[in-house]
Asks: 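I'd like to ask you about the structure that follows.
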Amino acid sequence: MVNLLTGNLDRRGGSMFAKPAFDIVGGPRALGVGQGSFGRWSSKVRGLPEFGGELPVATLAEDIEAGGPEPIRALVTVAGNPVLSTPNGPRLEAALAGLDFQLAIDFYRGETTKHADLILPPTGPLEHSHFDVAFHAIAVRNTIKYSPAVFDASPAQRHDHQILAGLERRLLRLRGAPIHARAAVRLREKLGPEGILEVGLRAGPWGFGGGLRAGLQGMSMSKLRAAPHGIDLGPLQPCLPDRLPSRRGGVQAHIDIAPEIFVADLQARGVELRQTPAPDELVLVGRRQLRSNNSWLHNVPKLMTGKQRCTVLIHPEDAQRLGIDDRAPMWLQSRVGRVVAPAQFDDGMMPGVVSLPHGFGHDRPGTGQKVATAHAGVSINDLTDEQRIDELSGVAAFSGVPVRAGPA
């Protein structure tokens with residue numbers, strides 16, 4: 001909005017837009033590019049709205065617990081660990097016991113997948129090819145790169161897309177789906193990721209007939225394979241309004257800078273922002289770390305060397321007021337839970353704010369991850385509150401959680 005109102009939207013030096021060779025913004029529906037949606041259905045208990053075909057995860061535990069007509073009977077996770085990554089993780093973990101069946105597509109037995117009735121392990125990162133679909137769409141320069149698999153998969157292994165397609169075929173057959181629906185799955189299986197990528201490249205802005213730079217017309221898989229270090233497609237260029245969906249449909253494009261539902265919601269949010277925290281209350285925020293990616297990398301020995309990283313960053317003034325010593329254990333408590341972790345003084349923290357990294361909490365038994373268990377830490381989502389949400393979208397408010405603290 002600031003860039004738009006100051007004349008810097010889609011302008012060099014301002015906020016610009018990438019034009020990826022595999023175009024998830026303007027690509028055809030055949031590539032899985034869908035239209036946005038909001039509120040077509042809602043969650044069972046609180047009526048939180050659907051967005052883009054998904055429901056907010058803040059409602060998952062309560063909707064499982066609710067039972068009743070059309071209960072949630074099964075859960076499928078794909079490389080996900082919602083016991084550690086969703087608000088009030090302990091409540092969700094308890095709710096998993098009420099499911100009839102849980103399936104995990106994963107090669108870890110972790111805090112969530114240990115509850116699964118069946119774990120289907122896909123190939124590892126070096127056993128399948130890689131093409132980044134998401135980040136090329138928000139890049140600061142137009143580039144493209146394809147990485148083939150380093151090692152061949154064994155005949156007994158399956159890639160994640162093969163596992164998902166196999167499950168979809170079986171479900172469609174059990175449901176008596178029409179032949180054309182099953183044929184579409186078989187076609188995607190036959191094409192595979194490389195085939196779908198080839199179609200997308202040829203139909204994209206750098207494909208045959210659409211290339212924008214001499215020597216790069218006709219982007220294809222053969223060109224990608226011949227350039228193992230990637231291809232530079234040049235700096236971002238102004239591209240509005242042609243990138244707007246309505247413009248592509250042949251209608252004059254507009255940007256709605258004040259959607260009615262946003263404006264109406266601002267009234268209530270303004271009241272929240274003016275509220276003053278209690279004198280003994282702190283605000284909890286999360287943080288990422290250089291050698292950590294969610295909960296995935298904590299079982300890699302080399303990445304877990306060095307000082308303990310699951311610490312509570314706290315301003316020295318707050319620590320002195322609360323009687324907390326540097327590197328000594330301290331407790332944090334929210335409406336939903338309580339954890340104990342070492343304090344770490346940091347005068348870069350704003351007074352009144354404390355921070356825990358996300359992705360830890362490997363003290364739950366039964367995972368078999370010895371390295372992660374040895375560096376268990378605590379889960380920040382044992383403190384985040386599934387009742388604290390952005391009211392308009394239903395998305396969990398993971399940051400700014402009210403907590404109290406003291407020396408353990």
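Residue numbers start at 1 and run along the sequence shown. Treat the numbers as computed from the prediction; the structure is a model and nothing was measured.
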Asks: Under the side-chain hydrogen bond (donor to acceptor under 3.5 Å, both in side chains) test against Asn81, which residue among Thr113, Asn294, Thr112 passes?
Replies: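 Of the listed options, the one satisfying the test is Thr112.
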
Asks: When the ring centroid of Tyr146 is compared with that of His130, is the distance short of 6.0 Å?
Replies: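 No; His130 has its ring centre 6.0 Å or more from that of Tyr146.
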
Asks: Does this structure show an ion pair linking Glu70 with Lys44, if we count only N-O contacts that are shorter than 4.0 Å?
Replies: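 Salt bridge flag = no for Lys44 with Glu70.
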
Asks: Please examine the side chains of Val283 and Val403, heavy atoms only from C-beta on, and report whether any two atoms are closer than 4.5 Å.
Replies: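 SC-SC contact between Val403 and Val283 ruled out.
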
Asks: May I ask you to say whether Asp132 pairs ionically with Lys145, meaning some side-chain N is under 4.0 Å from a carboxylate O?
Replies: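 Salt bridge absent between Asp132 and Lys145.
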
Asks: Can you confirm whether Ile179 is buried at CD1, in the sense that more than 12 heavy atoms of other residues, nucleotides or ligands lie under 6.0 Å from that atom?
Replies: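 No, not enclosed.
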
Asks: State, with a plain yes or no, whether a side-chain heavy atom of Glu93 is found less than 4.5 Å away from one of Lys114.
Replies: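 The answer is yes, as the side chains (C-beta and beyond) meet within the 4.5 Å cut-off.
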
Asks: Do the two ring centres, one from His298 and one from His362, sit under 6.0 Å apart?
Replies: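 Aromatic pair counts; centres sit under 6.0 Å.
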
Asks: Side chains of Leu201 and Met221, heavy atoms from C-beta outward: is any pair under 4.5 Å?
Replies: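 With C-beta onward as the side chain, the pair touches.
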
Asks: Taking only Lys NZ, Arg NE, NH1 and NH2, and the carboxylate oxygens of Asp or Glu, determine whether Arg202 and Glu198 approach each other closer than 4.0 Å.
Replies: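 So Arg202 pairs with Glu198 through a salt bridge.
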
Asks: Which residue pairs satisfy the ring-ring contact (aromatic ring centres under 6.0 Å, His included) criterion with at least one member in residues 161-203, sequence neighbours excluded?
Replies: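 Only His159-His161 qualify under ring-ring contact (aromatic ring centres under 6.0 Å, His included).
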
Asks: Any Lys/Arg nitrogen of Glu111 or Arg364 sitting under 4.0 Å from an Asp/Glu carboxylate oxygen of the other?
Replies: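 Salt bridge between Glu111 and Arg364, a charged N being under 4.0 Å from a carboxylate O: no.
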
